[in-house]
Amino acid sequence: LSSAKAPKYTYAKLDSLKAGSVVNVYGVVVFFKQPFKSRGTDFCSSLKITDHSNEKIGCTIFCEKLEDHPKIFRNGDIVRMHRVKAQVFNKSITLVNTFGFSVVTFDGVKGAPVEPRTSSRSFHFDPDDQRTVEELRSWAASQALFASVTSTVPLSAVQPKAYFDLTCQLLAKAPVDTTCTLLRVWDGTRCPHTLLKVIVEPHVTEGQLSFSKERENLIADVLVYDNHVEVARKLKPGVFLRIYNLRAIAGSSTVPGLTRSQLQVDHLAFHLHGGTSYGRGIGILPDNKKNVICSSAAAEGWMFNDEHFSSVGWCLCSERSCGHDMQKVTLSEVKRSGLGRVHHVRAQLKAYEPHRLHEALKLYCSKSLTVYLLTQLMFEGKTKDVILLMGNNPQLLESIKAKNISKEISRLWSRNPSIIKSTKTPISWYLTGSTLEEMCQLMASYQNIIPVRASGGHLSLFDLSAPFLFRGRKRYYGSEINLTH
DNA sequence: GTTTAGGTTTAG
């Protein structure tokens, strides 16, 4: 016994499962449902997995406690299950958990850190597991495993009539009747459609009762029905959710318990219908998923202007979890430490720019997950610190800052109002006074050209009717672009 | 020593 080896698990390929055997398996998730209450004593998770063998195997997991269920957030996630029993149902092999069952889940994204998701206090994990996860990720990336399933869509891209998954934060909730609950959520993006607003009694609302008009425009009212009401009852405002198989419906809607006059009809409504078909359900995201919302909010140029800084709003943007412990420092310490460091601060908002989003140029670098907001102040030369920053790309930031662009533009512009040359920064500049033909000639030398004009001795961006950026042959309208290095 | 569900859309 003293020489007993550490336990070594062996994993069955999914095309070699024999009825009645108890096995350990690895698989890529191609379908899943959030755990739902069964008619028996347990919650039930339903999932389908596959592996290199291309065999797709349905799995049914019964556990009394939700935390013992597989922590699956999306198709492509990788699960490792210990002690599942193969049995035949409808002439196919399925896997059901059996005594001593445990499950660990991993993100399926190639190159992402291999971080086990489990509530088990101790679990086996060795270099072979690391390798297996990475192999499954690579294999899955080369396959079209779930091309037709619904995908996570931000509110800004929601299509009427479509089913989709929504990643969002719960701001408030209220019961509508015994079969329907209202969830007020946002994801930091603005839906182009007018949103249905459900009016409920204030005294039954949990969470913030009212929001500023600006924020209200970002909030989607989601009605969840039947079996989802029980799940919704346990949710606390502030929690981050993924709502699966949500349906956006345009046109008149009626809601039980409410008269039609309580609804603004003909608006886009969000319904989570009863049942669990197509994975319909509500999943609670772990803290490290908050970044998803923070970065989408930032990429959208999300700003809020509430008189009362709510704890929920605060949470959305300030409590970024960076996956490491870091002490909070004061703003003066940040200033002293110079460029290129990452800090945690907690501060009170005193003022913000821009008040109108089209006044800002947003540069979003998907590689470094960094958002740069170049504000109107920069063009007017009113400030030295022209860039409001998030993220961690000191090189790019420094190159912009070191150039002191507004000063440089003003200087060069006074000498030669036609062209300003700036080769080091990721942006080149084009000024008023040139024709389109001249600008097209400049395209050969400069990758990115932002048209600006002079007014009142200052430079300013054109309004939204003009392209804000010329990149090669492409013209970008609006105010956003992905920078590629 | 093993009931529950067994993917496949509400119809508000």
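Taking the side chain of His273(A) as heavy atoms from C-beta on, and the options dG12(B), dT2(B), dA5(B), the nearest nucleotide is dG12(B). Looking at the side chain of Arg247(A), the nearest of the listed nucleotides dT9(B), dT10(B), dT3(B) is dT10(B). For Thr60(A), whose side chain is taken as the heavy atoms from C-beta onward, the closest listed nucleotide among dG12(B), dG6(B), dT3(B) is dG6(B). For Val96(A), whose side chain is taken as the heavy atoms from C-beta onward, the closest listed nucleotide among dA5(B), dG12(B), dG7(B) is dA5(B). For Thr276(A), taking side-chain heavy atoms from C-beta onward, the closest of the listed nucleotides dT8(B), dT3(B), dA11(B) is dT8(B).
Rounded to the nearest Å, the gap between the P atom of dG1(B) and that of dA5(B) is 24 Å.
For the residue pair Tyr26(A) / Asp129(A), a side-chain donor-acceptor distance below 3.5 Å is found, with atom types taken as modelled. The closest side-chain donor-acceptor pair between Ser92(A) and Asn90(A), if any, does not fall under 3.5 angstrom. With 3.5 Å as the limit, one finds a donor-acceptor pair spanning the side chains of Tyr9(A) and Arg83(A).
Listed pair Ser277(A) / dT8(B) meets the phosphate criterion, a side-chain N or O lying under 4.0 Å from OP1 or OP2. Under 4.0 angstrom from either OP1 or OP2 of dG6(B) there lies at least one side-chain N or O belonging to Lys33(A). Of the side-chain N and O atoms in Arg39(A), one or more sit less than 4.0 angstrom from OP1 or OP2 of dA5(B).
Judged by the 6.0 Å distance and 45° axis criteria, Lys48(A) is not positioned over the aromatic ring of Phe31(A).
Asn90(A) comes within contact range of no nucleotide atom at all, as no heavy-atom separation falls under 4.0 Å. The residue Lys85(A) sits close to a base: some heavy atom pair falls under 4.0 Å. Using a 4.0 Å heavy-atom criterion, one finds that Gly274(A) contacts the bases of the nucleic acid, with or without backbone contacts as well.
For the pair Asn97(A) CG and dT2(B) C1', the interatomic distance rounds to 9 Å; values are reported in whole Å. Rounded to whole angstrom, the span from the CZ atom of Phe101(A) across to the P atom of dT2(B) amounts to 19 Å. Rounding to whole angstrom units, OH of residue Tyr225(A) and C1' of dT10(B) are separated by 9 Å. The interatomic distance linking Ile57(A) (CD1) with dG6(B) (P) rounds to 17 Å, in whole Å. Rounded to whole Å, the distance from CD on Glu64(A) to P on dT2(B) is 16 Å. For Gln87(A) and dT2(B), the CD to C1' distance is 9 Å, given to the nearest whole Å. For His228(A) and dG12(B), the NE2 to C1' distance is 12 Å, given to the nearest whole Å. Rounded to whole angstrom, the span from the CD1 atom of Ile61(A) across to the P atom of dA5(B) amounts to 15 Å.
Here dT9(B) is in the anti range [glycosidic angle more than 90° from 0].
For the side chain to side chain donor-acceptor pair (under 3.5 Å) with Asp221(A), the qualifying choice from Lys197(A), His267(A), Arg184(A) is Arg184(A), the only one to do so.
Of the residues near DNA chain B, Arg280(A) and Phe36(A), the one whose nearest nucleotide (by heavy atom distance) lies more toward the 5' end is Phe36(A).
Separation of the Phe101(A) and His82(A) ring centroids does not fall under the 6.0 Å cut-off.
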